[in-house]
Every structure is written in C-alpha cells, then in structure tokens.
Asks: 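Supplied in structure tokens, the structure appears directly below.
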Amino acid sequence: MFIFIKGELKMDSMEDKTMSQVTVKDLMIPSEKVAHVQTNNPLEHALLVLVKTGYSAVPVLNSSYQLKGIIGKSIILNETLGLERFEFERLSEITVEEVMDTDIPVLHEHHSYIDGLKAVINDPFVCVVDNEQYFDGILTRRAILKQARNNYYLANQTTYQ
Ligand code: 4BW
C-alpha cells in the first residue's frame with residue numbers, strides 16, 4: 001500500500017522505501033522457496049521436479065549452492081527425441097550439467113527495479129547471485145509486473161492493496 005509522508009509517496013509494505021529505492025532483493029523469491037536441481041542429477045530427476053512443481057524451468061546449483069545454469073522441460077524433451085519415438089530411457093543416463101543452459105543472465109540483490117525489469121524482458125525469471133555465484137534467489141516476471149501495476153496506481157495517485 002502507498003502512503004504520503006512529508007509530501008513524498010512511499011510504500012509502507014516495503015519498510016517505507018521510495019520507488020527509486022526498491023531493489024531486486026525487495027522483489028525476489030528467496031533461495032529457500034525456489035525449486036532447483038543439482039548439476040549431477042539425472043535428467044529423469046529434473047523432469048520429475050519440473051512436472052511436480054509445474055514450472056517450465058528451474059535453476060541448477062552445484063553441491064555448494066552456487067548457480068551453474070538453468071534446465072527446462074523443452075531441453076529435456078529434446079534429449080529424448082529419437083528418430084521414430086521419444087526415448088525416455090535415455091533420461092537416466094544423462095546428467096543435468098551435460099545439457100543445461102549455462103549462457104544465462106544474472107542479477108545481484110543491490111540491482112535496481114529498472115535493472116530487474118530489463119532483465120525479465122527476455123526471460124521469465126532471472127537468477128540472483130552474490131559475487132561468488134552463491135545462489136540468493138530468483139526475480140520473476142510476475143514480481144516485476146506486480147510492481148509495475150503498483151507504479152501505475154502510484155502515478156494515478158490512487159491507493160491499491
Ligand atoms: O506453481 C505455481 N504457482 C503460482 N502461483 N504461479 C505459477 C506456478 N507455476 C506457474 N505459475 C505462473 C506464474 O505466473 O505461470 C508463470 C509462468 O511459469 P513458468 O516460469 O513458465 O513455470 C509464472 O510466472 P512467474 O511467477 O513470473 O515465474 C516465471 C518463471 O520463474 C516460471 C518458473 O520457471 C520460474 N519460477 C517461478 N517461481 C519459482 C520458479 N522456479 C522455481 N521455484 C519457484 N518458486
């Protein structure tokens with residue numbers, strides 16, 4: 001919710017931060033709430049996680065919880081494509097790190113709202129890491145759109161809950 005304090009519009013739901021002070025940390029889903037798989041997991045396990053959670057793609061971490069890539073349903077299904085049929089038995093023979101997407105953008109917690117907005121134009125979510133690639137969470141397009149909606153109401157000087 002937005003409130004006026006000394007003539008300035010602020011958000012009371014984010015520790016009274018002004019819009020320009022909102023950072024990726026304020027909007028991201030923290031690591032403990034993010035479904036992920038590990039580099040050495042077989043694709044069979046990754047597909048199970050994706051189907052069970054309902055997500056199209058999730059982050060891939062190593063055993064130290066550093067970000068190594070992203071794996072999605074389409075990459076996995078592509079690996080099962082044989083000449084005449086889907087060869088699902090192959091999923092137990094291939095590990096996530098062999099096929100994951102490693103060319104991915106990342107954000108840091110201190111990045112601004114507009115940095116986050118730019119990042120999710122081309123990707124439904126972007127991983128947030130620290131300087132040593134330890135995984136902090138994800139910023140989703142949904143979180144950015146919700147904030148954009150709030151910005152819209154802010155610009156129209158209405159209150160939205
Ligand atoms: O299980 C779900 N719960 C809710 N509340 N919404 C969901 C769920 N699954 C999908 N959605 C919705 C979200 O609006 O569909 C959008 C596209 O999902 P996706 O990409 O293709 O699986 C979701 O948009 P989003 O919240 O902006 O999330 C963007 C992408 O971020 C998702 C998924 O790949 C990833 N993601 C989101 N939350 C995650 C997650 N990955 C792992 N763990 C999480 N908690």
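Atoms within each ligand, like the ligands themselves, are counted from 1 in listed order.
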Asks: Taking all non-hydrogen atoms of both residues into account, name the closest pair between V24 and S112 and its distance.
Replies: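 Of all heavy-atom pairs spanning V24 and S112, the closest is CG2-O, 3.9 Å.
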
Asks: List, by chain and number, the other hydrophobic cluster members for V34, where Ile, Leu, Val, Met, Phe, Trp and Tyr join if side-chain heavy atoms come within less than 4.5 Å, directly or indirectly.
Replies: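 Besides V34, the cluster holds I29, L61, Y65, L67, I70, I104, V106, F125, V129, F135, I138.
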
Asks: Apply ring-ring contact (aromatic ring centres under 6.0 Å, His included) to Y134 and list each qualifying residue two or more places apart in sequence or on a separate chain.
Replies: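 Applying ring-ring contact (aromatic ring centres under 6.0 Å, His included) to Y134 gives none.
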
Asks: Locate the shortest heavy-atom distance separating E79 from R90; write the atom from each residue and the value.
Replies: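 Residues E79 and R90, closest heavy atoms: O-NH1, 2.5 Å.
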
Asks: If I compare all heavy atoms of A35 with all of P59, which pair ends up nearest, and what's the gap?
Replies: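 Shortest heavy-atom separation between A35 and P59 comes out as O-CD, 3.4 Å.
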
Asks: So which residues get pulled into F86's cluster when ILVMFWY side chains under 4.5 Å apart are joined, directly or through others?
Replies: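 V37, L43, L47, V49, L50, V51, Y55, V58, V60, I71, I75, I76, L77, L81, F88, L91, I94, V96, V99, M100, which link up through side-chain heavy atoms under 4.5 Å apart, make up the rest of the cluster.
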
Asks: Please give the N or O to N or O pairs under 3.5 Å between ligand 1 and the protein, distances rounded to 0.1 Å.
Replies:
from	atom 1	to	atom 2	distance (Å)
ligand 1	21 (O)	S56	OG	2.6
ligand 1	22 (O)	S56	N	2.7
ligand 1	22 (O)	S56	OG	3.4
ligand 1	27 (O)	R141	N	3.3
ligand 1	27 (O)	R142	N	2.7
ligand 1	34 (O)	A57	O	2.7
ligand 1	43 (N)	A35	N	2.9
ligand 1	45 (N)	K33	O	3.1
ligand 1	45 (N)	Y55	OH	3.3

